[in-house]
Amino acid sequence: MVLLSLCALLSAPAMAVEPVKISREDTALNLTATTEIYNNQGDKLTVTAADGPDGIRRRFAVEASSPTHQGDWAVFALANVTDEQIERLIVAPHYRLVNSKVFWPDLGSQRIVAITPSEGFALDRQPSPEDDVFRITLNPGAVVTFAAELASPDLPQLYLWEPDAYKDTVNAFTLYRGIVLGIAGLLAVFLTILFVVKGTSMLPATAALAWAVLGYICVDFGFLEKLITITSSDQRIWRASTEVALAAGLVIFLFTYLNLNRWHVNLGYATFAWVLGLGLLFGVAIYDPSIASGVARLSYAMTAAAGIVLIIYLGFNRYDRAILLVPAWVLILVWLFGAWLTVTGQIDNDVVQPALGGGLVLIVLLIGFTVMQHAFAGGALHQGLFSDLERQSLALTGSGDTVWDWDVARDRVVTIPDLSAKLGLPAGAMHGAVRNWLPRLHPDDRDRFKATLDVLLEHRRGRLSHEFRIRAEDGHFHWLAIRARPVLGSNGEIIRCVGTIIDVTEQRNSVDRLLNDALRDNLTGLPNRQIFLDRLEGVMTLAPTDERVRPTVMIIDIDRYKLVNDALGIAAGDNILIALTRRLRRLLKPQDTLARLSGDQFGLLLVSEANPAKVADFADAVSRAISVPLSFANREVVLTASIGLATWVTQQDSASGLVNDAELAMYRAKKAGGNRVEPFQPSFRGMGFDRMQTEADLRRAMERRELSLAYQPIIRLNDAEIAGFEAVIRWDHPKRGPVPLNEINDAAEAAGLCSALNAFALEKAAQDLNAWQDQTGTIPVFLTVSIPSGQLLNNELCNDVKAVLTRTQCQPEQLKLEFGETLVMENPEQSRLVLEKLKQSGIGLALTDFGTGYSSLSYLARFPFDTIKLDKALVGGEGERRAILLRSMIAMAKDLGMDVVAEGIESDEDAMELARLGCRYGQSYLFGAPMLSDSVLRLLKERFPLTKRA
């Protein structure tokens with residue numbers, strides 16, 4: 001039963017998701033894009049949690065709490081990156097018009113039944129008629145993965161709200177909805193009263209449309225739930241019914257308002273059939289609301305298209321009702337276009353749905369005005385209330401611009417309203433002769449301002465369009481823009497110049513800030529990478545002609561800066577970067593340049609020193625300046641830096657090349673452990689390229705299944721019979737040929753492919769073992785697979801092993817996993833727990849390279865290994881001490897119930913000696929080189945002929 005339960009849990013695994021980081025400033029986060037949906041997964045789901053703060057990825061299982069659960073789940077993860085406890089609300093709206101689709105739309109449902117976190121208890125549901133709301137509390141630094149039991153296959157939206165912000169938003173929308181509902185209700189009642197007062201046919205049609213809009217808004221805004229008790233399924237029926245009613249009301253209004261029966265009798269029949277079909281949809285809505293709603297939405301588009309055709313045709317026939325309907329129908333088309341963008345998911349913000357509801361009310365309001373205008377005023381159009389001069393005056397006043405009036409004949413400037421108040425000057429200070437403006441202008445703008453006015457007066461035509469700076473009373477300069485035209489007198493001379501003057505200081509400051517941000521880092525104020533390269537390029541053009549100019553580029557990368565951000569927060573990290581910038585600036589001379597190239601990476605262009613010894617001293621000074629402790633929040637932070645150094649030589653002809661060389665040196669320093677200065681060497685280029693090329697080729701080889709396994713025999717030393725094989729990964733590179741195993745492991749570790757490589761080796765070895773046994777029958781051999789040092793000993797490895805055993809149906813006792821001492825001792829306690837889990841699955845465990853690492857008997861006794869492999873350096877040695885060590889190790893292993901495998905046996909004499917000492921197995925090229933699967937099969941058929949099947 002335990003095994004069956006385990007298989008059930010493993011049958012529907014959910015992969016780990018990337019956690020969403022939460023800070024105190026985040027009030028509302030959209031989790032929809034980062035949430036993984038798993039449909040048809042059954043009543044149980046196994047979730048791989050996101051990496052915790054300790055780097056460990058765990059799994060947990062959840063079980064459905066509702067008997068009607070359909071096997072749909074959602075998984076997401078949250079990370080509290082602050083040092084305080086955070087409370088948030090997880091909110092899933094029951095209905096969203098956004099992305100609800102045109103056909104077979106999603107009309108709402110309860111979305112989440114329950115949410116189970118990876119740690120702690122299930123979340124508490126908060127009361128809400130419109131959303132599924134759950135309260136969560138995240139401890140400082142916690143990373144929690146949540147599995148949500150879904151009540152429907154879809155989860156259109158998932159939010160993470162700060163409780164007060166959510167409450168304020170709900171209240172704000174409640175106020176807005178109340179206003180819209182009030183207006184819609186008043187419109188419906190008012191139009192109904194008008195129908196009673198004046199019984200024209202268009203008024204009841206308009207009133208019916210208004211009531212349909214009111215019903216739609218009542219359902220959409222959740223007001224109907226406050227009047228009557230309705231379930232989730234009832235709500236879908238009501239929503240579909242109101243959409244059908246809205247579609248029918250729009251058709252009836254169009255037919256009645258345009259009086260279509262007077263134009264052709266068939267139009268009346270068509271409209272009647274259309275409305276009858278929509279009426280039948282009310283019955284369909286009870287059984288399948290999605291179909292009814294989809295047909296209603298299609299009816300909206302057909303009605304809009306028919307309205308366009310009718311309005312154009314009747315308008316050209318001078319039918320006044322069609323002409324009066326144009327504004328309202330344009331608004332309807334705009335609303336339908338916005339609704340289409342919304343239901344197809346092209347507009348997805350939270351405001352669009354209530355905005356569309358308000359738009360419906362606006363449409364009814366405009367239609368009501370149109371109907372009343374025609375019903376009561378006979379369609380007459382009134383003339384404008386204002387003259388052209390009055391409209392121009394109102395437009396100028398409404399724009400907020402200042403009128404600039406220069407009486408040229410009297411040389412007097414007047415601004416209306418007075419510009420002096422904006423500059424902090426006494427009233428009328430800017431009135432008078434234009435020359436009085438010159439002393440207050442910026443010195444760089446005076447001549448240009450005067451020349452512009454002189455050219456305008458001299459040519460007696462054109463237009464004044466000029467921007468200048470003028471000093472206010474507080475000493476700050478304001479940017480002003482004049483746009484004016486000259487007025488000519490009877491003699492052709494300019495007598496006046498009139499226009500507007502506006503303050504454009506904010507616009508100019510914004511432009512200046514954008515230009516500054518394009519050139520400098522906005523945190524530290526340092527030049528950015530582009531300016532750094534530009535200055536380096538300029539210095540390098542001088543270097544060939546001036547022997548004193550020998551620029552040196554230093555790339556400075558702060559070691560473990562990410563840990564500082566994670567521990568103290570991003571704000572602390574920014575303050576630390578600013579402090580480091582100040583320290584480094586103190587070391588520079590005017591001709592040197594410091595730039596910020598990326599997050600925690602600085603570039604330093606050293607021109608003031610050309611002597612190699614002084615350059616080295618300067619680099620050491622930079623390293624010491626960075627390592628001086630920083631005090632922040634009562635904590636002392638000590639940082640180090642990896643510094644790459646490259647000096648210009650005559651062969652280098654580009655700034656980017658010199659910077660790339662320095663970066664290669666910096667990466668070399670970081671790989672060596674950091675906190676060091678590494679001068680560039682030409683050999684770095686080839687090494688860096690070869691390493692990256694090998695990583696890329698390995699990734700491609702795994703995708704194309706170009707890797708294979710070779711098997712080296714392991715024999716029993718007492719009778720020289722085959723006992724097993726060690727699986728060795730082989731890679732025949734298309735260009736390089738066979739790639740050494742250590743290079744494959746290094747490339748996999750650098751590219752993060754260790755887990756995938758191990759999974760491939762495990763599954764391929766198990767498949768080959770099954771294939772051999774299909775051909776030979778049961779054979780008494782085992783296979784060992786080596787786990788490289790780049791692989792972490794964690795639960796993921798256990799799960800991979802169990803998954804391989806389940807898929808291949810391989811007998812676990814015929815598989816062994818080999819682990820090096822270095823890998824095991826990286827985290828002994830975790831390694832012990834993981835190895836015990838692996839042991840429980842039935843596979844064998846071997847400790848390889850024994851005798852070269854820790855080799856501690858106390859550690860060996862703690863771990864559940866059943867085999868140790870003696871390193872070839874120990875096996876192939878000479879001398880009496882070597883014999884004593886071998887005898888002791890083999891005796892100790894036998895006392896602990898372990899098998900011993902000796903690697904690197906060089907001669908038959910060594911093999912016989914090891915057999916006498918009690919060593920059970922041997923492995924070396926003396927007994928056979930690694931061979932492919934087909935060769936192993938032939939060998940097994942020769943060695944075990946009696947096991948061959950009939």
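Everything numeric here is computed off the predicted structure, so don't read it as measured data. Scope of the values below: all heavy atoms of this structure, side chains included, with no hydrogens, waters or symmetry mates.
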Going through the distances and angles, do Glu818 and Val785 end up as a side-chain contact (heavy atoms from CB on, under 4.5 Å)?
CA-CA 6 Å; Glu818 291 185 357; Val785 180; over 6 Å; no
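- For the 3.5 Å distance criterion, the side chains of Ser23 and Asp26 qualify, holding a donor opposite an acceptor.
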For Asp83 and Arg24, run salt bridge (charged side-chain N to carboxylate O under 4.0 Å, His left out): C-alpha distance rounded to whole Å, both residues' side-chain angles, the deciding distance at 0.1 Å, then the answer.
CA-CA 10 Å; Asp83 55 357; Arg24 291 187 300 271; 3.3 Å; yes
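- Annotation: the span from Phe863 atom CZ to Leu835 atom CG amounts to 7.0 Å, rounded to 0.5 Å.
- Between Leu526 and Thr581, some side-chain heavy-atom pair lies under the 4.5 Å cut-off.
- A donor-acceptor pair under 3.5 Å is formed between the side chain of Arg550 and the backbone N or O of Ala543.
- Contact annotation: the side chain of Phe618 approaches that of Met554 to within less than 4.5 Å [non-hydrogen atoms, C-beta and beyond].
- Interatomic distance, CG of Leu542 versus CH2 of Trp648, reported as 10.5 Å (0.5 Å rounding).
- The main-chain N or O of Gly573 is found under 3.5 Å from a side-chain atom of Tyr561 such that the two form a donor-acceptor pair.
- Atom-to-atom distance recorded for Leu160:CG and Thr27:OG1 is 10.0 Å, nearest 0.5 angstrom.
- A distance-only check finds a donor-acceptor pair linking the side chain of Arg583 to the backbone of Ala625 [under 3.5 Å].
- At a threshold of 4.5 Å between non-hydrogen side-chain atoms, the residues Val75 and Thr48 do not count as touching.
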Would Leu580 and Ile576 count as a side-chain contact (heavy atoms from CB on, under 4.5 Å) if you check the C-alpha gap in whole Å, the side-chain angles of each, and the deciding distance to 0.1 Å?
CA-CA 6 Å; Leu580 293 179; Ile576 288 173; 4.2 Å; yes
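- Closest approach of Leu845 to Pro864, counting heavy atoms only: CD1-O, 3.7 Å.
- Between Phe76 and Val20, every side-chain heavy-atom pair lies at or beyond the 4.5 Å cut-off.
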Begin from the C-alpha positions of Tyr711 and Leu783 and carry the test side-chain contact (heavy atoms from CB on, under 4.5 Å) through to its verdict.
CA-CA 9 Å; Tyr711 300 93; Leu783 285 183; 3.9 Å; yes
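- Ion pairing between a basic and an acidic side chain is recognised when a charged N comes within 4.0 Å of a carboxylate O; Glu726 and Lys869 show such pairing.
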Phe146/Val144 under side-chain contact (heavy atoms from CB on, under 4.5 Å): CA gap, chis, key distance, verdict
CA-CA 7 Å; Phe146 298 89; Val144 182; 3.6 Å; yes
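- Other residues, nucleotides and ligands place no more than 12 heavy atoms under 6.0 Å from the NZ atom of Lys837.
- Rounded to the nearest 0.5 angstrom, Leu577 CG and Ile558 CD1 are separated by 7.0 Å.
- Shortest non-hydrogen contact noted between Ser627 and Val638 is O-CG1, 3.8 Å.
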Audit row: Arg535, Glu537, salt bridge (charged side-chain N to carboxylate O under 4.0 Å, His left out) steps and yes/no:
CA-CA 5 Å; Arg535 292 185 183 179; Glu537 195 76 47; over 6 Å; no
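- For the residue pair Val801 and Leu838, the shortest heavy atom distance occurs at CG2-CD2, 3.9 Å.
- A donor-acceptor contact shorter than 3.5 Å is absent between the side chain of Asp534 and the backbone of Gln530.
- Between Lys839 atom NZ and Cys798 atom SG the span is 13.5 Å, to the nearest 0.5 Å.
- When all heavy atoms are compared, the tightest approach of Asn80 to Leu138 is ND2-O, 3.2 Å.
- Between Leu597 and Gly603 the shortest heavy-atom distance is CG-N, 3.7 Å.
- Smallest separation of non-hydrogen atoms from Phe680 and Asp661: CD1-O, 3.3 Å.
- Counting only heavy atoms from C-beta outward, the side chains of Asn675 and Asp559 approach each other to under 4.5 Å.
- Proximity of Met540 to Leu658: side-chain heavy atoms (C-beta onward) are separated by under 4.5 Å at one or more points.
- Residues Asp557 and Ser642 bring no donor and acceptor atom of their side chains to less than 3.5 Å of each other.
- In this structure, the side chains of Thr867 and Leu847 stay at 4.5 Å or more apart for every pair of heavy atoms.
- By the 4.5 Å heavy-atom criterion applied to side chains, Gln601 and Glu663 are counted as neighbours.
- No donor-acceptor contact under 3.5 angstrom links the side chains of Ser708 and Arg730, judged on distance only.
- Under 4.0 Å is where a charged nitrogen must lie from a carboxylate oxygen, and between Glu609 and Arg548 no such pair does.
- When atom types are taken as modelled, the side chain of Asn139 and the backbone of Gln85 share no donor-acceptor pair closer than 3.5 angstrom.
- With hydrogens and angles ignored, the 3.5 Å screen pairs a side-chain donor or acceptor of Ser118 with a backbone N or O of Thr145.
- Note that CD1 of Ile556 and CG of Leu645 are 10.0 Å apart. Values are rounded to the nearest 0.5 Å.
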